[in-house]
2 protein chains.
Amino acid sequence: MTLLGAQPSTIKDVARAAGVSVATVSRALGAPGMVHDATRSRVLEAASSLGYRPNRAARSLITGRTGNLGVIVPDLGNPYFHSVLKGAQARARAADHAVFVADSEEQAGEEASLLEAMARQVDGLLLCSSRLTARALARAPIDRLVLFGRRVHGVPSVVPDSADGMRQAVTHLHVLGHRRIAYLAGPRRSWSDQQRRKGLEAACRELGIVQSVLGPVSPTFAGGVEAADPVLASGATAVIAYNDLVAVGVAHHLAARGVRVPERLSLVGFDDIPVASMTTPPLTTVAVPTEAAGRIAIELLLDRLGRGDTAGSCFELPTSLVVRQSTGPPPTRSQPSPEPRPNPRSS
Amino acid sequence: MTLLGAQPSTIKDVARAAGVSVATVSRALGAPGMVHDATRSRVLEAASSLGYRPNRAARSLITGRTGNLGVIVPDLGNPYFHSVLKGAQARARAADHAVFVADSEEQAGEEASLLEAMARQVDGLLLCSSRLTARALARAPIDRLVLFGRRVHGVPSVVPDSADGMRQAVTHLHVLGHRRIAYLAGPRRSWSDQQRRKGLEAACRELGIVQSVLGPVSPTFAGGVEAADPVLASGATAVIAYNDLVAVGVAHHLAARGVRVPERLSLVGFDDIPVASMTTPPLTTVAVPTEAAGRIAIELLLDRLGRGDTAGSCFELPTSLVVRQSTGPPPTRSQPSPEPRPNPRSS
DNA sequence: GTCATTTTTGCAAACGTTTACAGCAGTTGT
DNA sequence: ACAACTGCTGTAAACGTTTGCAAAAATGAC
């Protein structure tokens, strides 16, 4: 019950109240084994009755630890990162760490400057889908880094097993009867995109499926909308999009043109963000356990702080195909789907 | 160019390099008017060549300021808060403040404990849609608070003008010809819900529209899905949902039942979260400038830190109706819409 | 009861800043 | 030539902790 205007009480106040020295208070709170039980309980009582909270700045000054962790994401508006952040925040809080968050606005320069600014204020940093070069990462102003969504030599990281997810998606489509599928690629530079391409290629080769790569498109709803017509023109009976946002964009534009999903075209997304289950039809997608990813990444970080090793470990997240209603058998020759309406965009 | 293993340089190092005392360095950096220009540039050069960054913990220890701000949201997974956070983060960064973020998981208890934990580590706190009682807020362990999405006596706040948004929505529906509309209410305790009800009632009374209130429902997609059948049964020709998530849920379930929007039922959401424009049909909704809200809230907070006044100011955000394609004229008697399909949930 | 050992405690230094105060040089006014 | 400034700089205290070291107290062995 701290009074409003009152100065926050310091370790000195507690020491006085308990009739001991500040050192004893510090130890009673931080190293319980070193003080007499009776003394300790006296200190604890005094501390709680004064509502004492240690000043973290002072502690940090001497220990060199801040008790803070940082998370940098390319875009706070992107749902993909929300649950990573949520998981990270929860795990950090459980370890009594606070979480700084910052938005690099998808720009490497901004990310570097955030890194620079945060480095001194945190014990460790989680970089989500970093845009930085491996070079820049290696000479970062802080070496307690964990990466999410990208693998760089020498830096611990947490990555989804995109290749396996891709394999699951392709297999699913193959079982449904599809023999020509298209991949709607994301940004060239993106590590995830490269992984997904590799997985696609391997899976298609194995199953004898004809694959084509469209794009790259902007990894957004708008990117999907723009890509919808080319996708249709490609002749593929199924398309796997770089991510859910793109898939939803494609679905949206297709719906506006009167092209039915999945009757005319099957559609698979990536990530399983919330919106994937909200569309009509709900999207079949490769789920990435993002919240768990956040938790695990923070765990790796905390481990690294404690032991100081784990330099190059990499945690690979299992992905799983969530089959909803945007995939089905390919259209049959005998029962052609109706002609699409004219493009609503040009009207 | 700091080397990797090197100790970060301190103000002492800079002082030695520039041949001055630490006090001069401190002043050269913090109070430029107090030192000779020549000295100052010597210091600046030394500082930059050493890559000097002041230790914020040490500074904070003496000034009592941390340079950090906190944002607490009920749910990091809720898109409504993402752009608030984004705006807040951007504005804070522009003022050289870092942002802590935490998730109260919609629980007042958790929120209080976060408040307690953060109070000492930040200069000010932004509480989004706080679940705390006015009492609890008044005796918070920190008095540099700003509220978003709620108005409490004595606490500065930023709130959307929901009542006006509601008026715009109702007017829009009235112009289209609707005379019976339903409001699908959100959580009873929610301040926003109360505002929206008031606005609805006023607007309907003025325009002579019959209104009914359904719910309350959970302010989520699932809540909307569950409410869809009752909405249909209510006999209203248009429904305004507590928020977009609920509206999208309703639309989703309606689509699955074969009920056409807006031909059979017009649908209006609230907030204009990204998903509102991604559905088919895109959702007509009352837009709340959430990113601006975050910016403004932080500005209020920074103001408060500087001057120390602005105790009870309240900033009201203008809302604006975004007309998309989920609203249209009510169905006519002469052209009844087809019978809805059986509920897909019960099959 | 004494000594050696262990447990418990206190003193004081350190962490990296900011800032009140004092001092020192140069300038101006008489 | 002296006083009173002004402008710039340095010294040292303070912020609230943690922790090495030494002192004190308690315990055990004889």
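Throughout, protein chains are lettered first and strands after them, A, B, ... in sequence-line order, and every chain is numbered starting at 1.
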Discussion item. Is it the case that the side chains of B:Ser130 and B:Glu111 hold a donor-acceptor pair, with the cut-off being a distance below 3.5 Å and no angle test?
Written reply: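 Per modelled atom types, B:Glu111 and B:Ser130 side chains form a pair under 3.5 Å.
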Worksheet entry | Bounds of contact between DNA chain C and chain B, in 5' to 3' order, using a heavy-atom cut-off under 4.0 Å |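 Extent of the interface on DNA chain C: C:dG16 to C:dA20.
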So, are [X] and [Y] salt-bridged, with charged N and O less than 4.0 Å apart?
X: A:Glu116; Y: B:Arg53; result: yes
X: B:Lys86; Y: A:Glu105; result: no
X: A:Glu110; Y: B:Arg93; result: yes

Fill in: Parallel, tilted or perpendicular, as decided by the 30° and 60° cut-offs, for the rings of B:Phe100 and A:Phe100
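Answer is parallel, since the angle falls under 30°.
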Between [X] (side chain only) and [Y] (backbone N and O only), is there a donor and an acceptor less than 3.5 Å apart?
X: A:Asp161; Y: A:Pro318; value: no
X: B:Thr290; Y: B:Ser83; value: no
X: B:Asp13; Y: B:Thr10; value: yes

Worksheet item: 5'-most contact on DNA chain C: A:Arg40 or B:Asn55, nearest heavy atom basis?
Response: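 Between the two, 5'-proximity favours A:Arg40.
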Can you give each donor-acceptor pair under 3.5 Å made by side-chain atoms of residues 23-41 of chain A, sequence neighbours left out, with the distance rounded to 0.1 Å?
residue, atom, partner, partner atom, Å
A:Thr24, OG1, A:Ser21, OG, 3.3
A:Ser41, OG, A:Asp37, O, 3.4
A:Ser41, OG, A:Ala38, O, 2.9

Fill in: Whole-Å gap separating P (D:dT17) and CZ (A:Arg16)
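The distance from CZ of A:Arg16 to P of D:dT17 comes to 12 Å, rounded to the nearest Å.
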Worksheet entry | Nearest-angstrom distance from the residue atom CG of A:Asp13 to C1' of D:dT17 |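 That distance rounds to 13 Å.
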Shortest non-hydrogen contact from [X] toward [Y]:
X: B:Ser104; Y: B:Pro74; value: OG-CA, 3.3 Å
X: B:Gln89; Y: A:Val101; value: CG-O, 3.5 Å
X: A:Ile298; Y: A:Leu69; value: CG2-CD1, 3.9 Å
X: A:Cys314; Y: A:Arg151; value: SG-NE, 3.3 Å
X: A:Leu126; Y: A:Ala88; value: CD2-CB, 4.3 Å

Item to complete: Check each residue of residues 21-29 of chain A for a non-hydrogen atom within less than 4.0 Å of any atom in DNA chain C, then write out the ones that pass by number, or none.
Response: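 Within residues 21-29 of chain A, the residues near DNA chain C are A:Ser21, A:Ala23, A:Thr24, A:Arg27.
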Worksheet item: Does any residue of residues 93-100 of chain A have a heavy atom under 4.0 Å from DNA chain C, and if so, which ones, in number order?
Response: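 By residue number: none to list.
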Check nucleotides 6-8 of chain D against the protein and report each pair of N or O atoms closer than 3.5 Å, with its distance, or say if there are none.
none

Worksheet item: Does CD belonging to B:Glu45 count more than 12 external heavy atoms closer than 6.0 Å?
Response: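 No, CD of B:Glu45 has 12 or fewer neighbouring heavy atoms, counting only those of other groups under 6.0 Å.
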Worksheet item: Which part of the nucleic acid, if any, lies within contact of A:Arg120, taking any heavy atom under 4.0 Å across all strands shown: a base, the sugar-phosphate backbone alone, or nothing?
Response: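 No contact.
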Discussion item. So for the helix from C:dG1-D:dC30 to C:dT30-D:dA1, with five pairs setting each end axis, what is the inter-axis angle to 10°?
Written reply: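 End-to-end axis angle: 40°.
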